[in-house]
Amino acid sequence: MLRESNVLKFVKNSSVMRPGYYIGIDPQKKLVIFGIRGTHTVYDLITDIVTSSDGEVTFEGYSTHFGTAEAARWFIHHEIGTIRQCLEKYEGFRLRLVGHSLGAATASLLAIMLRKRSKKELGFSPDVVSAVGYATPPCVSKELAETCSDFVTTIVMQDDIVPRLSAASLARLRNEILETDWMSVVEKADWKSIVDLVTNAKLVVSSVQDVARKLADYAHFKSAKGSSDIAIKTEPTSVPKKVTALQKEEGAYTVPEELFVPGTVYYLKRNIDDHTGSNDNRGQEYFSLWRRHPGEHFQKIILSSNLISDHRCDSHYFALRDVLKGLPMSHEEDLFR
């Protein structure tokens, strides 16, 4: 809802390890806004793929191979001067970093990095920095997810796959499918459950394979050999590192180190009001907002028909609008400090 005149800088094009972004001013809330876009170009795909962690976490608390950490460092090196000038010009304003998906992870890690620096290094107080991420992927350790909860907020919508997508969660999904007693499912003749599971599982695999295929076409990458036990056999070279992250030790598969979405988490829950009619006779859909503790939840991929649509920006927008219109103004302001 910013006026065009209040958008001070807009960089539409992305490059490797640097998503598109803008810097703007919100005079009403006294905020300098640094907005970072989600996946949009092939360069963003590369940054995304680099986020395919092998599970190792640095002493700082985020993934060693997380591409968004490099993107956050780029912004510190190249835009800290612009941010400093804005905060000097607009005295009393705070810095709000915001993003969706890839941009949300970058914004959150950028806030964490800025908060760790001194006022002398930054030219402004680190206490004025906060971040709000929509559909943020897992990118930090549990300890860091908890310690940044005072200044980082993450919004997760219903069944969105991205906040649940990590090497560890894919490993659990694989094990869950392998350990399912399919004969008992068939004997129960629960064909709808079988069709839903296969369809949604195929959607997950196809989405991951599609990203990998685009990256391979662009960078001429070749998949490493020896991962046929995890890869989909019809296209064994198209599965990215996330799917092959399971490590085989002494004949048993081990789950990689867990990563979490950062900060205080708000969960957008879809509800159906059976007492209100709709065109499809399923009742009126509405959303409620639940606050979750940092470092908890969202470690399991939900194979629902909404796992992709719940990730979209407009889905978040309409769901949040549904929630916020029922809140007093004071509560609305409290959500995103």
Side-chain angles (χ1 to χ4, degrees), residues 1-12 18-38 68 71-119 121-136 148-156 261-266 268 289 291 294 313-314 316-321 323-325 327-337:
M1 304 298 289
L2 299 183
R3 293 183 178 180
E4 187 175 349
S5 60
N6 287 331
V7 177
L8 308 180
K9 185 172 185 177
F10 173 54
V11 180
K12 178 181 179 180
R18 200 271 295 152
Y21 65 100
Y22 78 91
I23 301 174
I25 301 297
D26 185 341
Q28 182 179 356
K29 296 185 178 180
K30 292 190 173 182
L31 292 172
V32 174
I33 307 291
F34 197 112
I36 306 175
R37 189 176 54 204
T68 48
R73 292 189 185 98
W74 187 95
F75 286 124
I76 289 179
H77 294 150
H78 293 85
E79 290 295 353
I80 193 67
T82 307
I83 293 172
R84 187 184 300 117
Q85 290 173 8
C86 289
L87 291 173
E88 288 175 353
K89 181 178 180 179
Y90 298 93
E91 188 176 353
F93 279 46
R94 300 175 66 84
L95 175 61
R96 171 67 51 78
L97 305 164
V98 63
H100 170 258
S101 192
L102 165 67
T106 303
S108 299
L109 292 179
L110 180 55
I112 292 168
M113 292 175 184
L114 291 176
R115 279 277 187 151
K116 289 184 176 181
R117 300 199 173 197
S118 66
K119 183 176 181 179
E121 288 178 289
L122 297 174
F124 55 88
S125 172
D127 295 336
V128 305
V129 180
S130 64
V132 177
Y134 300 89
T136 313
C148 72
S149 61
D150 289 339
F151 58 91
V152 174
T153 300
T154 294
I155 313 296
V156 176
V261 296
T264 299
V265 181
Y266 287 94
L268 280 166
L289 193 66
R291 181 169 176 167
C313 284
D314 56 349
H316 285 77
Y317 172 76
F318 290 118
L320 275 173
R321 189 178 66 173
V323 169
L324 294 178
K325 69 183 181 183
L327 293 179
M329 183 60 70
S330 59
H331 287 192
E332 181 179 338
E333 293 295 325
D334 288 342
L335 285 180
F336 310 126
R337 296 178 295 277

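Everything numeric in this text was worked out from a predicted model, so none of it was measured. FYI, side chains are in, hydrogens and waters are out, and symmetry mates aren't considered; it's all heavy atoms of this structure.
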Exercise. Any idea which heavy atoms bring L8 and C86 closest together, and the distance?
Worked result: CD1-SG, 3.6 Å
Exercise. So, do L114 and I80 sit near enough that their side-chain heavy atoms are less than 4.5 Å apart?
Worked result: yes
Exercise. Can you tell me if R115 uses its side chain to pair, donor with acceptor, with the backbone of V129 under 3.5 Å?
Worked result: yes
Problem set entry | ring-ring contact (aromatic ring centres under 6.0 Å, His included) against Y90, all qualifying residues, sequence neighbours excluded | F93
Exercise. Looking at residues at least two apart in the chain, or sitting in another chain, which of them share a side-chain hydrogen bond (donor to acceptor under 3.5 Å, both in side chains) with S125?
Worked result: none
For this session: Nearest 0.5 Å please: distance from the CG atom of L110 over to the CG atom of L97.
Result: 5.0 Å
Seminar exercise, completed: d(H100 NE2, I36 CD1) to nearest 0.5 Å is 13.5 Å
For this session: Kindly indicate whether the side chain of D127, heavy atoms from C-beta on, has any atom under 4.5 Å from the side chain of F151.
Result: no
For this session: Measure across T154 and P262 and return the closest heavy-atom pair with its distance rounded to 0.1 Å.
Result: OG1-O, 2.6 Å
For this session: Would you indicate whether the side-chain heavy atoms of R18 and V11 approach each other to under 4.5 Å?
Result: yes
For this session: Side-chain contact test, heavy atoms from C-beta onward, threshold under 4.5 Å: evaluate it for V152 versus T136 and give yes or no.
Result: no
Problem set entry | Value rounded to 0.5 Å, distance of CD1 in I23 from CD1 in I33 | 11.0 Å
Exercise. Could you give the distance from CG (N6) to CD (Q28), rounded to the nearest 0.5 Å?
Worked result: 11.0 Å
Problem set entry | Side chains of R37 and K12 in contact at under 4.5 Å (non-hydrogen atoms) | yes
Seminar exercise, completed: Sorted by chain and residue number, the side-chain hydrogen bond (donor to acceptor under 3.5 Å, both in side chains) partners of K89 (sequence neighbours excluded) come out as none
Exercise. Less than 4.5 Å apart, any side-chain heavy atom of I25 and any of L31?
Worked result: no
Problem set entry | Which atom of T153 lies closest to which atom of I155, heavy atoms considered | CG2-CD1, 4.1 Å
For this session: Using the six-membered ring wherever Trp is involved, compare the ring planes of F34 and Y21 and label them parallel, tilted or perpendicular (cut-offs 30° and 60°).
Result: parallel
Problem set entry | Atom of F124, atom of R84 and distance for their closest heavy-atom approach | CD2-CA, 4.2 Å
Seminar exercise, completed: Rounding to 0.5 Å, atoms CG (L2) and OH (Y22) come to a distance of 5.0 Å
Exercise. Checking side-chain contact (heavy atoms from CB on, under 4.5 Å) against P126, which of M113, K119, R117 comes through?
Worked result: K119
Exercise. Which atom pair, heavy atoms only, marks the closest approach of P294 to T264?
Worked result: CB-N, 4.5 Å
Exercise. Which heavy atom in A104 sits nearest to a heavy atom in G133, and how many Å separate them?
Worked result: CB-CA, 3.6 Å
